[in-house]
Amino acid sequence: MAELTSTKLNAEAHLLLDQPLLRMPYELSRRNFKNAQRLIEHSSTSLTSSLAAATKSAAKTTDPTPALESLDTMISKMQGLKRKLSSLQEEEAKLHKSAKARLQHLHDLHQVQSLVDVKYDEWSRVRLSRLLVDYLLREGYADSAACLARSKGIEDLVDVDAFVACHKIERSLREGQSTTLALEWCKEHGKELKKGGSMLEFELRLQQYIELVRAGHESGVSGMDGEFAEGVRLGDGGGEMKLIEARAHAKKHLSGSGDFALLGRAAGLLAYRPWDEVEPYASLYSPARWTHLASLFLTTHHTLYSLPPRPLLHIALSAGLSALKTPACHSAFTPSATNSGSSTTTVCPICSTELNELARNVPYAHHTKSIVENDPVVLPNGRIYGSERLRVFNEKVGTEGGWVRDPVGGNKEEMWRESEVRRVFVL
């Protein structure tokens with residue numbers, strides 16, 4: 001029977017991977033509250049101004065029509081405010097429901113006392129489903145993730161909508177379409193991004209400047225023959241207007257960055273065109289900039305919501321593989337699971353054909369307690385076994401008396417005399 005200490009559940013250790021489980025709904029709820037607060041403040045200011053203007057106008061004339069029209073306009077605005085607040089209230093109720101379900105999920109774990117309890121198996125299956133949904137969402141398989149969440153009844157334990165919105169912005173950047181969605185996201189989280197010193201908004205503004213300069217240079221040479229275009233810098237009025245717009249954009253959004261080296265390179269774009277292939281300006285014109293922006297957005301998004309950069313499934317799998325891995329799993333001798341000629345089998349996951357290569361670069365487990373068999377002996381090939389286990393095996397396979405065969409080795413012809421087997425003393 002397993003020792004009590006080995007089967008006792010340590011709930012706190014299990015929750016190391018589950019911090020995003022509660023952090024995500026908290027951040028989404030806080031953002032929802034900020035949106036409602038901003039909406040109320042803006043509407044209150046507008047309605048107060050309209051009411052003051054209507055009161056002043058009504059005092060100057062006996063005609064009630066203007067005042068009634070102003071009141072109708074205010075009522076219409078208040079009805080619009082009510083609809084928007086109702087939508088935000090529904091979103092808040094959904095987030096509260098999700099947070100309550102997640103708290104209950106974690107509470108269920110603390111009610112389990114032993115790893116061999118059937119309730120722990122049920123809880124572990126739910127967590128595995130959560131990790132799979134998280135992996136699918138990160139890889140962009142939102143429909144498959146949503147289907148899995150519905151089939152397992154864990155919609156409140158995963159963040160499908162949040163990841164869908166995230167990947168929509170990431171895809172718009174990676175495909176080089178537009179920075180509009182990303183800038184809107186930065187505006188919603190401006191205070192948090194500024195507090196964390198994020199460079200995402202500056203990089204997006206710089207990309208807008210680059211595209212304006214690119215459009216200016218390309219418009220400046222459109223419609224000209226190649227020989228004349230080589231000597232043209234500004235070209236027609238359309239191209240020149242784009243470059244003027246680019247300079248205004250840089251003055252408004254880039255001048256306050258304080259990175260004078262980068263500002264110098266950005267200014268150099270006005271003189272060097274995309275096809276000049278002069279560094280460092282060619283790198284700024286490169287389409288790879290869009291990939292950089294997409295990666296920077298994902299990193300910023302995950303940092304803001306306390307999401308690990310790697311899928312939780314990878315982290316859990318790495319921890320599990322490392323806990324099981326020993327030097328024997330990748331020794332020079334072929335494991336019995338992959339050796340058809342071996343007379344033994346193994347249940348070691350690391351030695352399996354599915355996980356052997358995956359675990360090759362994972363660190364070995366740190367064992368603080370020896371599990372060496374009693375009365376160990378070493379064979380001439382370096383393998384160590386308990387003497388009783390070795391004897392029982394050779395009796396079962398019918399090894400000739402006075403000879404010993406390796407339980408793991410697949411070569412039936414390779415045997416050693418019992419006198420060649422040496423005892424091992426563990427210090």
Side-chain angles (χ1 to χ4, degrees), residues 38 42 165-166 168-301 303-304:
R38 190 182 306 113
H42 175 74
C166 170
K168 182 180 180 181
I169 300 174
E170 183 259 345
R171 187 165 54 252
S172 70
L173 292 174
R174 196 173 298 278
E175 295 175 357
Q177 295 177 353
S178 172
T179 59
T180 304
L181 294 177
L183 285 172
E184 289 178 357
W185 185 87
C186 289
K187 184 178 180 180
E188 291 180 2
H189 303 83
K191 186 177 180 180
E192 294 80 7
L193 295 178
K194 184 177 181 180
K195 187 176 181 179
S198 172
M199 293 293 291
L200 176 60
E201 184 174 0
F202 175 80
E203 291 283 352
L204 293 171
R205 294 297 184 183
L206 176 60
Q207 188 63 34
Q208 285 184 322
Y209 167 78
I210 293 171
E211 296 305 318
L212 286 172
V213 175
R214 189 200 309 274
H217 286 311
E218 292 176 351
S219 298
V221 297
S222 61
M224 302 179 184
D225 58 79
E227 184 176 341
F228 177 68
E230 287 297 325
V232 174
R233 287 296 178 188
L234 291 181
D236 62 10
E240 185 174 357
M241 289 302 298
K242 282 291 185 181
L243 294 180
I244 293 174
E245 185 181 349
R247 288 194 290 268
H249 178 87
K251 184 177 180 180
K252 180 179 180 181
H253 297 289
L254 305 181
S255 59
S257 68
D259 191 341
F260 297 106
L262 180 59
L263 290 176
R265 292 197 298 272
L269 296 176
L270 296 171
Y272 290 93
R273 299 164 296 183
W275 51 88
D276 288 337
E277 297 184 358
V278 177
E279 290 294 351
Y281 313 108
S283 299
L284 293 176
Y285 280 123
S286 173
R289 277 273 309 169
W290 289 102
T291 303
H292 164 69
L293 290 174
S295 301
L296 180 60
F297 169 74
L298 283 180
T299 301
T300 305
H301 177 274
T303 301
L304 186 63

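What you see is a predicted model, and the numbers here were worked out from it, not measured in a lab.
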Enter the distance from [X]:[atom1] to [Y]:[atom2] here, rounded to the nearest 0.5 Å.
X	Y	atom1	atom2	answer
Leu173	Leu296	CG	CG	9.5 Å
Arg265	Glu279	CZ	CD	10.5 Å
Gln207	Leu183	CD	CG	11.0 Å
Ile244	Leu212	CD1	CG	12.0 Å
Leu293	Ile169	CG	CD1	13.0 Å
Thr179	Leu204	OG1	CG	6.0 Å

Not counting sequence neighbours, which residues clear side chain to side chain donor-acceptor pair (under 3.5 Å) with Glu192? List them please. Arg30
Show, in sequence, the C-alpha distance, side-chain angles and deciding distance for His301 and Glu170, and conclude whether the side chain to side chain contact (heavy atoms under 4.5 Å, CB included) test is met. CA-CA 10 Å; His301 177 274; Glu170 183 259 345; over 6 Å; no
Please report the shortest heavy-atom distance between Val213 and Leu269, naming the atom on each side. CG1-O, 3.4 Å
Going by heavy atoms in the side chains, are Cys166 and Phe297 under 4.5 Å from each other? yes
Output, in order, the C-alpha distance, side-chain angles, deciding distance and verdict of side chain to side chain contact (heavy atoms under 4.5 Å, CB included) for His253 and Tyr209. CA-CA 9 Å; His253 297 289; Tyr209 167 78; over 6 Å; no
Walk me through whether Trp185 and Thr300 qualify under side chain to side chain contact (heavy atoms under 4.5 Å, CB included). CA-CA 11 Å; Trp185 185 87; Thr300 305; 4.2 Å; yes
Less than 4.0 angstrom from a charged side-chain N to a carboxylate O is my criterion; do Lys187 and Glu201 meet it? no
Without swapping roles, check the side chain of His249 against the backbone of Leu254 for a donor-acceptor pair under 3.5 Å. no
Decide side chain to side chain contact (heavy atoms under 4.5 Å, CB included) for Arg174 and Ser295; before the verdict, give the C-alpha distance in whole Å, the side-chain angles of both, and the deciding distance to 0.1 Å. CA-CA 8 Å; Arg174 196 173 298 278; Ser295 301; 4.1 Å; yes
